[in-house]
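I have placed the structure first, in the form of structure tokens, so that the comments after it can refer back to it.
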Amino acid sequence: MSDIKDALQQGKYGNHPWRIIETSFDIETNFVDETIFALGNGYIGTRGRLEEGYRGSKSSGKHGTYINGFYESYPIHYGEKAYGYAKNNQVMVNVADATMLKISMEDETLDLLKGKLLEYERVLDMRAGILYRNYLWESPKGRRLKVEFKKVVSLVHKHLLAVDLKIIPLNFSGEICVTSVLEGLTDNVREENDPRVGSKLQKDALRTTETLTKNGFYGLIQQTENTDMKLVAAMNHDIKTSLHYTSKEKKTDTGISCSYSFKAKQGDTLYLTKYIAYHTTKDTREKQLISRARDMLDIGTEVGFSRLLEKQKKYLDIFWKDAFIEIKGDPLLQQGLNFNLFHLLQSVGKDGTTNIAAKGLTGQGYNGHYFWDTEIYIFPFFLYTQPQIAKELLKYRYSILDKARERAREMAHSKGALYPWRTIGGEECSAYYPAGTAQYHINADIIYALKKYMEATEDIEFFLSYGAEMLFETARIWVDVGIFNEKKQNQFCIHCVTGPDEYTAMVNNNFYTNVMAKTHLQYAYDMAKFLQEFHPQQYRAIAKKIDLDEKEVTDWGKAAASMYIPYDPDLGIYPQDDSFLEKKKWDFHNTPKENYPLLLHYHPLVIYRHQVLKQADTILALFLLGNQFKREDKVRNYQYYETITTHDSSLSHCIYSIIAAEIGYEEDAHSFFQQNVRMDLEDHHKNTHYGVHTANMGGTWMCIVHGFAGMRSYEGMLSFKPKLPKAWDSCSFSIIFKGCRLQVTIEKKKAYYQLLTGGELSFYHYDEAISLKEDNRIIERAL
Ligand code: BGC
């Protein structure tokens, strides 16, 4: 407890690097806390609800359990519909919840909102991957109970979670009853006035079709109406006690409850472990749902709770060995950073058929959709620390390639594939196309990630089996959508698209889109030539499969070479698009604080008519394709755009921080970083209750590695330009590149590099070429 007390001296959740700590139960923050204390393993995610039940108001909490990729869909109703609009929304549904363990003693029910809470602590231990809650509660009639909950969502057994409960009656003897609930009727988040939430799912979005109770196995089969997905949620119990107890099970209208009544004497300890399993028809045959769940629960019971924790710790030891970034000199920041990386691991799909949602598996914000957030903000963390997960993320995109082809046809592209702006199952789900489908840059973003993956892993097998087909199919769209524009000296122009900044829509020649498309097309051209020369047989097979001819390849090269890049010679900057600089600037001075985010207070047209940004756009391109631009360009563009960016999107601060670090604006870099690293822990956007911001979490990692350490990888060459923020004493991390693991440590005046594994690695430290061998040597460079 003493390190907990120290940690709590700062920050709402303390400043312990590995623990998120709460020492009082606060109804005001419960909704947010449910997100903060959510657990997950990339397949199952469950919010940090109070297991014993919570009788607060609806607006002060919403428990939720989600399965990655398990969704319901329903038609989007447009007031005025047009051809090609996204037809259906897809929503990650709140599935049957099995984490509940109600507690009563004699004639009283444990309720944290009643009686007295004499001691309380809730801790998310990110090194052990466990959530625990210990408290001492006195009932209104004066009965005192010591209660300990431990919850774990297994990172080793992806279908399994477990809740462990320990109760001690401190000043009374009598009956204590624990009622374990499997609740089928779960509520979905509905919020009509915030487009960032916006689901219309009803409470009964899932139908329970079967209730199973047999020999201590309890299960519900649930089914979606429109997507025809089925799942089983099942539980069993392991009770290790010498106390006499009786049990009673009950099928309720909405689920199953199973009560265990113990005859306890003062000071006795009562233990109960509940194992919970989920399987869905996404990855299990319908006929096998029940047997698989039963097997999983048997494995859980056999392994036992403490071994489950050991396995969890082992898994996380390996994860943290590669992922950990140590920052000396700022404990709050260290905590925020660990929290972000931990949540990324908890959220990411690792099976090649699921991805990572904007809110992970922690809430229903953005309906559980996957966006470009994955490739541009989250992918780098996985690529350079857990490349096998990065590969699975790309495989997910391959798994929906056919749907992207279908979407391209709907959008009148006779060939190629257009990825959906937002989706779960692969179909386009954006109901507001100007800030959705119009973001054609999604194709280039995915290919940008593929290119980085290839540079960092040289995984040619992957490229031949999956990458090439995605690359060529998506490249086709640019040639179809753009034109060689006579009015612009036959340069290749891309019209009527929306760039990353959603406060400007449907423009011609969005700078970001054009430079990313140029890179995409050039890569498609180069790789087609490479395959023709070095893998001709495979090339022929792919070309045959997608009916690709040589003229198309030539056209990619031509379009890339003649891509129009908007430039304003007077200001010396890249205009965000053709008309951007002609608009008036937003009147920031007279915009009251409470009118942010602007999207909740002004009609889109009002916003679109102004020079005002929701998030990094041109600046993002200058980072991603940084080797194509000079420092002076970056300085001028940064100065211009920084003053007109609201950062209303959580995807913004990190990019400004990275560019600020690169151009030497150290204070800006650090200050943007600080606004990003604890964004959810401090609820900066006031919507953490709907889930964490996974893109921003990935952005935190990027700020350190790409920002302060200045790491870049261009055309397979790795480089560093480190500079430590003044407030820190040192910063140290490792990255995996071309099968090598490199340790990088930055101090105020020096940088150190050591090749931990992998033979030999060449890279640049500023302009100096360095080649390191795996020989325990640490090289030191002055900064
Ligand atoms: C941003 C998008 C992002 C989405 C999901 C929006 O606010 O403008 O760029 O993809 O959030 O995170």
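Every number for a ligand or one of its atoms is a count from 1 in the order of the listing.
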Is a salt bridge present between Glu410 and Arg407, judged by a nitrogen-to-oxygen distance below 4.0 Å?
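Salt bridge flag = yes for Arg407 with Glu410.
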Does a salt bridge link Glu455 with Lys452, judged by any charged N lying under 4.0 Å from a carboxylate O?
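Yes, Glu455 and Lys452 are salt-bridged.
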Can you tell me if Trp421 contacts ligand 1 (heavy atom of the residue under 4.0 Å from the ligand)?
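For ligand 1, residue contact (heavy atoms, under 4.0 Å) with Trp421 is present.
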Part of Lys614 within contact of ligand 1 (heavy atoms, under 4.0 Å)
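Side chain only.
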Determine whether the side chain, the backbone, both or neither of Gln615 has a heavy atom under 4.0 Å from any heavy atom of ligand 1.
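Near ligand 1, Gln615 shows its side chain, while the N, CA, C and O stay back.
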Exactly one of Tyr419, Tyr396, Trp421, Tyr377 should register a ring pair (Phe, Tyr, Trp, His ring centres under 6.0 Å) with Tyr370. Which one does?
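When Tyr419, Tyr396, Trp421, Tyr377 are each tested with Tyr370, the ring pair (Phe, Tyr, Trp, His ring centres under 6.0 Å) holds only for Tyr396.
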According to the interplanar angle, ranging from 0 to 90°, do the rings of Tyr638 and Tyr656 count as parallel (below 30°), tilted (30 to 60°) or perpendicular (above 60°)?
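If you compare the ring of Tyr638 with that of Tyr656, the planes turn out tilted.
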Would you mind running through ligand 1 and noting each atom that sits below 4.0 Å from a heavy atom of Leu651?
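Heavy-atom distances to Leu651 below 4.0 Å select 3 (C), 9 (O), 12 (O).
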Enumerate the atoms of ligand 1 whose separation from the nearest heavy atom of Trp372 is less than 4.0 angstrom.
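Near Trp372, meaning under 4.0 Å from one of its heavy atoms, ligand 1 has 2 (C), 3 (C), 9 (O), 10 (O).
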Knowing that exactly one of Tyr512, Phe511, Tyr641 qualifies, which makes a side chain to side chain contact (heavy atoms under 4.5 Å, CB included) with Leu620?
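Among Tyr512, Phe511, Tyr641, the one meeting side chain to side chain contact (heavy atoms under 4.5 Å, CB included) with Leu620 is Tyr512.
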